[in-house]
Amino acid sequence: MRKYIIFQADEREEHEAERRILAHTGACTDILAEYFDSSDAPIPEPGYRPSEYCQVQEAIDPESPGSSTHFRRGDWEVVRVEQYAPIGTAEFDLVVVCYCRYAPIESPLFPIRRGKGSPQLQEASGMVT
């Protein structure tokens, strides 16, 4: 099942509005994050917190300097969820809107693990010299 999951600030939520500016237009957006999910995992429920990603200078990989290096449980918490089934032919089987409130928490940073692939896969793809 292909799901499009949107995390959106509750319409009454003005906290942290300056952090929700669209880079290309400068307009404020209510969309905090979006996921494209083809797994069998259940949809988020109230209490769920989308992850936040950041870069820790000492952990930056020179091969991908713009990538996030760490993540944490985010400060936005899902308070209600709406599901929409598409009509007719659509790219997704389900569209889910998760409305969130700003509720800061102390959450540790966790490193993002990036796999290098098995030696056999690297050899087959010509990555091993």
Side-chain angles (χ1 to χ4, degrees):
M1 171 180 275
R2 290 181 40 88
K3 297 172 275 199
Y4 178 37
I5 304 172
I6 304 162
F7 294 90
Q8 180 172 319
D10 189 290
E11 66 272 359
R12 299 170 298 243
E13 187 65 61
E14 291 301 319
H15 207 72
E16 292 290 304
E18 67 278 358
R19 293 185 65 195
R20 296 184 274 126
I21 301 298
L22 292 172
H24 63 289
T25 65
C28 185
T29 180
D30 288 337
I31 297 174
L32 305 168
E34 59 183 8
Y35 298 165
F36 300 95
D37 184 359
S38 295
S39 74
D40 292 330
I43 63 171
E45 295 180 356
Y48 177 85
R49 291 175 178 266
S51 296
E52 291 180 3
Y53 298 88
C54 67
Q55 266 192 346
V56 173
Q57 192 66 32
E58 306 81 55
I60 294 175
D61 180 352
E63 291 185 23
S64 53
S67 298
S68 297
T69 61
H70 289 71
F71 71 97
R72 67 181 282 274
R73 285 184 62 208
D75 289 332
W76 291 90
E77 179 181 22
V78 173
V79 292
R80 75 178 193 278
V81 178
E82 296 177 358
Q83 300 179 50
Y84 300 95
I87 299 172
T89 21
E91 186 175 345
F92 300 100
D93 301 309
L94 184 65
V95 175
V96 180
V97 181
C98 301
Y99 294 94
C100 303
R101 71 180 175 99
Y102 186 72
I105 60 169
E106 290 292 322
S107 177
L109 287 176
F110 298 99
I112 296 173
R113 300 191 201 294
R114 290 190 166 71
K116 298 286 187 196
S118 71
Q120 295 84 2
L121 181 59
Q122 290 178 1
E123 191 173 304
S125 68
M127 293 176 64
V128 175
T129 55

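Applying the side chain to side chain donor-acceptor pair (under 3.5 Å) criterion to Arg73, with sequence neighbours excluded, gives no partner residue. A search for side chain to side chain donor-acceptor pair (under 3.5 Å) contacts involving Gln83 returns nothing, not counting sequence neighbours. Partners of Ala90 according to the side chain to side chain contact (heavy atoms under 4.5 Å, CB included) rule, which considers only residues two or more places apart in sequence or in another chain, are Pro86. With sequence neighbours left out, the salt bridge (charged side-chain N to carboxylate O under 4.0 Å, His left out) criterion links Glu106 to no other residue. Taking the side chain to side chain donor-acceptor pair (under 3.5 Å) definition, one finds that Tyr84 meets it with Glu82, sequence neighbours left out. Residues satisfying the ring-ring contact (aromatic ring centres under 6.0 Å, His included) criterion with Tyr48, sequence neighbours excluded, are Phe7. Remark: Phe110 pairs with Phe71 by the ring-ring contact (aromatic ring centres under 6.0 Å, His included) rule, at least two apart or across chains. Residues passing the side chain to side chain donor-acceptor pair (under 3.5 Å) test with Gln8: none are found, sequence neighbours excluded.
When all heavy atoms of Leu94 and Ala85 are compared, the pair lying nearest together is CD1-N, 4.5 Å.
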May I have the list of side-chain donor-acceptor pairs in residues 36-44 shorter than 3.5 Å, sequence neighbours left out?
unit_1, atom_1, unit_2, atom_2, d
Asp37, OD1, Ser39, N, 2.7
Asp37, OD1, Ser39, OG, 2.6
Asp37, OD2, Ser39, OG, 3.4
Ser39, OG, Ala41, N, 3.1

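Here the OH atom belonging to Tyr35 is positioned 5.0 Å from the OG atom belonging to Ser51, to the nearest 0.5 angstrom. Note: Glu77 CD to Ile105 CD1 = 8.5 Å, rounded to the nearest 0.5 Å. Note that CG of Asp30 is 9.0 Å distant from CG of Asp10, once rounded to the nearest 0.5 Å. In this structure, SG in Cys100 is found 7.5 Å from CH2 in Trp76, a value given to the nearest 0.5 Å.
Grouping Ile, Leu, Val, Met, Phe, Trp and Tyr residues whose side-chain heavy atoms lie under 4.5 Å apart, directly or via other members, leaves Ile87 alone, with no other cluster members. Hydrophobic cluster membership of Val56, counting Ile, Leu, Val, Met, Phe, Trp and Tyr whose side-chain heavy atoms lie under 4.5 Å apart directly or via other members: Leu109.
Residues Thr69 and Pro111 are not in side-chain contact: their nearest non-hydrogen atoms beyond the backbone lie 4.5 Å or more apart. Looking only at side-chain heavy atoms (C-beta outward), Val81 and Val97 stay at 4.5 Å or farther from each other.
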